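Please read all numbers here as calculations on a predicted model, not as lab measurements. Start at 1 with the first residue, then count along the sequence. Below, each value reflects all heavy atoms present in this structure, side chains not excepted, and no hydrogens, waters or symmetry copies.
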Amino acid sequence: MMVSDVDARVDRKLQLFTFAGVRVREWVLESTIRYIKPVGGPAGREGLVVGLEDGTVNKIFIDNGFAIPLLKHKACIRCLDMNISRDKIAVVDEESVVSVYDLRTGAVAFEEANATSVAWNSELDDMLCFSGNNTLSIK
């Protein structure tokens, strides 16, 4: 069975619709979408952070037709979250490693193995929680 280019792009496509079902915008990304996290924003400028199979993390604003690359991780993204001040991002990859990136410098600030999910605290900017091996870790 042959898969056309159109079928292969479906898992790389993100579409924005109104509640009435009208398509407003569409983004076709470079790799398969693995994780989407809403990060809020002012009305009409809300944003998403999108983790891709090739390790790329993009930020997408609903009023902009272009995805903004934030970082390139070494493995496929399983889970991610951005801190409240939006200067750090934590990703969990397919190898179960949680990595925290400083978005201003692109440097890895923290890494630890055996993680399955990650979340930043919504009030304390530097508090990170991640789970793995039947343990919840708070850093």
Side-chain angles (χ1 to χ4, degrees):
M1 181 169 155
M2 193 73 154
V3 177
S4 71
D5 288 339
V6 174
D7 293 335
R9 287 183 298 196
V10 170
D11 56 356
R12 298 184 304 135
K13 190 182 295 185
L14 184 63
Q15 297 177 325
L16 173 65
F17 286 86
T18 66
F19 286 113
V22 177
R23 188 174 70 195
V24 176
R25 185 162 282 115
E26 176 177 279
W27 299 267
V28 178
L29 303 171
E30 297 297 317
S31 180
T32 301
I33 299 168
R34 294 298 306 268
Y35 196 84
I36 300 172
K37 174 73 178 185
V39 293
R45 285 210 22 96
E46 293 91 346
L48 305 168
V49 181
V50 181
L52 305 179
E53 189 173 56
D54 70 355
T56 302
V57 177
N58 290 318
K59 190 166 190 181
I60 294 176
F61 293 100
I62 66 168
D63 66 340
N64 185 344
F66 299 98
I68 301 164
L70 294 179
L71 63 95
K72 177 73 170 166
H73 186 66
K74 61 187 177 229
C76 177
I77 306 296
R78 181 189 299 161
C79 181
L80 60 81
D81 198 12
M82 184 179 278
N83 71 343
I84 195 76
S85 66
R86 300 180 185 187
D87 62 352
K88 293 186 186 95
I89 194 161
V91 300
V92 175
D93 62 30
E94 284 292 315
E95 298 168 2
S96 299
V97 174
V98 61
S99 302
V100 174
Y101 288 88
D102 182 327
L103 292 175
R104 292 173 298 210
T105 66
V108 176
F110 170 78
E111 277 191 331
E112 191 160 324
N114 302 315
T116 55
S117 64
V118 65
W120 288 98
N121 186 289
S122 60
E123 292 183 21
L124 300 174
D125 196 47
D126 286 331
M127 185 179 284
L128 176 72
C129 302
F130 59 95
S131 63
N133 284 347
N134 297 316
T135 303
L136 177 65
S137 300
I138 301 171
K139 299 280 184 186

Can you list the residues that meet the salt bridge (charged side-chain N to carboxylate O under 4.0 Å, His left out) rule with Glu46, with sequence neighbours excluded?
->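 Once residues adjacent in sequence are excluded, Glu46 has no partner under the salt bridge (charged side-chain N to carboxylate O under 4.0 Å, His left out) criterion.
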
Quick one: list whatever passes salt bridge (charged side-chain N to carboxylate O under 4.0 Å, His left out) with Glu112, sequence neighbours left out.
->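 Salt bridge (charged side-chain N to carboxylate O under 4.0 Å, His left out) list for Glu112, sorted by chain: Lys139.
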
Is it possible for you to say whether [X] and [Y] belong to one hydrophobic cluster, with membership spreading through side-chain heavy-atom contacts below 4.5 Å?
X: Ile68; Y: Val49; value: no
X: Tyr35; Y: Leu48; value: no
X: Ile77; Y: Val92; value: no
X: Leu16; Y: Ile60; value: yes
X: Val57; Y: Leu52; value: no

Heavy atoms only: give me the nearest [X]-[Y] pair and the separation to one decimal.
X: Leu70; Y: Met82; answer: CD1-CE, 3.7 Å
X: Arg104; Y: Asp102; answer: N-OD1, 2.8 Å
X: Asn58; Y: Pro69; answer: OD1-CA, 3.2 Å
X: Tyr101; Y: Ser99; answer: CE1-CB, 3.9 Å

Just by modelled atom types, is the Thr135 backbone N or O under 3.5 Å from a matching donor or acceptor in the Asn133 side chain?
->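 Checking the backbone N and O of Thr135 against the side chain of Asn133, no donor-acceptor pair under 3.5 Å is found.
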
Side-chain heavy-atom pair Glu53, Asp11 within 4.5 angstrom cut-off |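 The answer is no; the side chains never approach within 4.5 Å.
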
For the residue pair Ser96 and Arg78, establish whether any side-chain heavy-atom pair is separated by less than 4.5 Å.
->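 Yes - at least one pair of side-chain heavy atoms lies under 4.5 Å apart.
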
Could you walk me through whether Lys72 and Glu30 pass salt bridge (charged side-chain N to carboxylate O under 4.0 Å, His left out), step by step?
-> CA-CA 12 Å; Lys72 177 73 170 166; Glu30 297 297 317; over 6 Å; no

Between Arg25 and Asp63, is a salt bridge (charged side-chain N to carboxylate O under 4.0 Å, His left out) present by the stated rule, with each step listed?
-> CA-CA 8 Å; Arg25 185 162 282 115; Asp63 66 340; over 6 Å; no

Give me the ring orientation class for Phe110 and Phe130: parallel if the planes are under 30° apart, tilted from 30 to 60°, perpendicular past 60°.
->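 Tilted: the ring planes of Phe110 and Phe130 meet at 30° to 60°.
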
Between CZ of Arg12 and CH2 of Trp27, what distance do you get to the nearest 0.5 Å?
->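 Taking CZ in Arg12 and CH2 in Trp27, the distance rounds to 16.0 Å.
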
Rounded to the nearest 0.5 Å, what's the gap from CD1 on Ile33 to NZ on Lys13? Could you check?
->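 These two atoms lie 10.5 Å from each other.
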
Criterion side-chain contact (heavy atoms from CB on, under 4.5 Å) against Val50, the qualifying member of Thr56, Leu29, Leu80 |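 It is Leu29; the other options fail the test.
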
Give the intermediate values and the outcome of side chain to side chain contact (heavy atoms under 4.5 Å, CB included) for residues Arg86 and Leu103.
-> CA-CA 8 Å; Arg86 300 180 185 187; Leu103 292 175; 5.9 Å; no

Taking only distance into account, with no hydrogens and no angle test, what donor-acceptor pairs under 3.5 Å do side-chain atoms of residues 116-128 form with protein atoms, sequence neighbours excluded?
{"unit_1": "Thr116", "atom_1": "OG1", "unit_2": "Ser131", "atom_2": "O", "d": "3.2"}
{"unit_1": "Thr116", "atom_1": "OG1", "unit_2": "Ser131", "atom_2": "OG", "d": "3.1"}
{"unit_1": "Ser117", "atom_1": "OG", "unit_2": "Ser131", "atom_2": "OG", "d": "2.7"}
{"unit_1": "Trp120", "atom_1": "NE1", "unit_2": "Asp81", "atom_2": "O", "d": "3.2"}
{"unit_1": "Asn121", "atom_1": "OD1", "unit_2": "Glu123", "atom_2": "N", "d": "2.6"}
{"unit_1": "Asn121", "atom_1": "OD1", "unit_2": "Leu124", "atom_2": "N", "d": "2.8"}
{"unit_1": "Asp125", "atom_1": "OD1", "unit_2": "Asn83", "atom_2": "ND2", "d": "3.2"}
{"unit_1": "Asp125", "atom_1": "OD1", "unit_2": "Ser85", "atom_2": "N", "d": "3.0"}
{"unit_1": "Asp125", "atom_1": "OD1", "unit_2": "Ser85", "atom_2": "OG", "d": "3.1"}
{"unit_1": "Asp125", "atom_1": "OD2", "unit_2": "Ser85", "atom_2": "OG", "d": "3.0"}
{"unit_1": "Asp126", "atom_1": "OD1", "unit_2": "Lys88", "atom_2": "NZ", "d": "3.0"}

Kindly determine whether Ile36 and Leu14 satisfy side chain to side chain contact (heavy atoms under 4.5 Å, CB included), including the steps that lead there.
-> CA-CA 10 Å; Ile36 300 172; Leu14 184 63; 3.8 Å; yes

Within a radius of less than 6.0 Å around CD of Glu94, do more than 12 heavy atoms belonging to other residues, nucleotides or ligands occur?
->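 Above 12, so yes.
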
